[in-house]
Amino acid sequence: MGNVISVIAASIAVFVLSSTYYALLTPTEKRLLGERAPDRGDRPPPLKILLELARGVVIAAVIAGLAEYAGITGAGPVMALGLVLWVGFPAVLLTGSMMWERTPAVTAALHAGDWLMKILVTSAIVGAWL
């Protein structure tokens, strides 16, 4: 039951933090990129909010499952796992988007920071329950 609670708690926490992160940093991205900045719109519709929460649940469940499988417990060690996962996946994918899709470095860095925060916070919450 603790894992389910930690997965849901992590999903909600990173949703709130990520929303705040983008609210604070998107104006900087727009200032730096001008017309090349992606249009994220204003407030997302309810379906997108639910989908984002579901994505957070998936990430938290994967981190919890990997940590349990590897016998990793505690916030610090699970955060180390999260950092490795961030390097292996979001960081690699975002550098690829810069190389192949011409994603501006500012946008890729914004997303990389968001994913780093999401994974580390999720790992800390899940790890605290393991």
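For reference, positions follow the sequence shown, starting with 1. Please read these numbers as outputs of a predicted model, since none were measured by experiment.
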Pairing residues for Pro27 by the side-chain contact (heavy atoms from CB on, under 4.5 Å) criterion, not counting sequence neighbours: none

ring-ring contact (aromatic ring centres under 6.0 Å, His included) involving Phe15 - partner list, sequence neighbours excluded: none

Residues in side-chain contact (heavy atoms from CB on, under 4.5 Å) contact with Ser97, at least two apart in sequence or another chain: Leu94, Glu101, Thr103

Pairs flagged by ring pair (Phe, Tyr, Trp, His ring centres under 6.0 Å) wherever residues 16-66 is involved - sequence neighbours left out: Tyr22-His111

Side-chain cluster (under 4.5 Å, hydrophobic types only) that Met99 belongs to, other residues: Trp100

Set of residues satisfying side-chain contact (heavy atoms from CB on, under 4.5 Å) with respect to Thr28, sequence neighbours excluded: Arg31, Leu32

For Leu83, side-chain contact (heavy atoms from CB on, under 4.5 Å) partners two or more places apart: Trp86, Leu116, Leu120

Pairs flagged by salt bridge (Lys or Arg N to Asp or Glu O under 4.0 Å) wherever residues 77-92 is involved - sequence neighbours left out: none

Single-linkage hydrophobic cluster, 4.5 Å side-chain cutoff, Ile119 and Val126 together: yes

pair Pro104-Glu29: side-chain heavy atoms closer than 4.5 Å: no

Hphob cluster co-occupancy, Trp115 + Ile125, side-chain heavy atoms under 4.5 angstrom: no

Reported CE-to-CG distance for the pair Met79 and Leu85, which is rounded to 0.5 angstrom: 12.5 Å

Nearest heavy-atom neighbours spanning Ser123 and Gly82: OG-CA, 3.5 Å

side-chain hydrogen bond (donor to acceptor under 3.5 Å, both in side chains): pairs with one or both residues in residues 74-85, sequence neighbours excluded: none

Indicate every side-chain donor-acceptor pair of residues 47-72 with a distance under 3.5 Å to a residue at least two apart or in another chain.
| residue | atom | partner | partner atom | Å |
| --- | --- | --- | --- | --- |
| Glu52 | OE1 | Arg55 | NE | 3.0 |
| Glu52 | OE2 | Lys118 | NZ | 3.1 |
| Glu68 | OE2 | Asn3 | ND2 | 2.3 |

Within one Ile-Leu-Val-Met-Phe-Trp-Tyr cluster: Val78 and Leu17, side-chain cutoff 4.5 Å: no

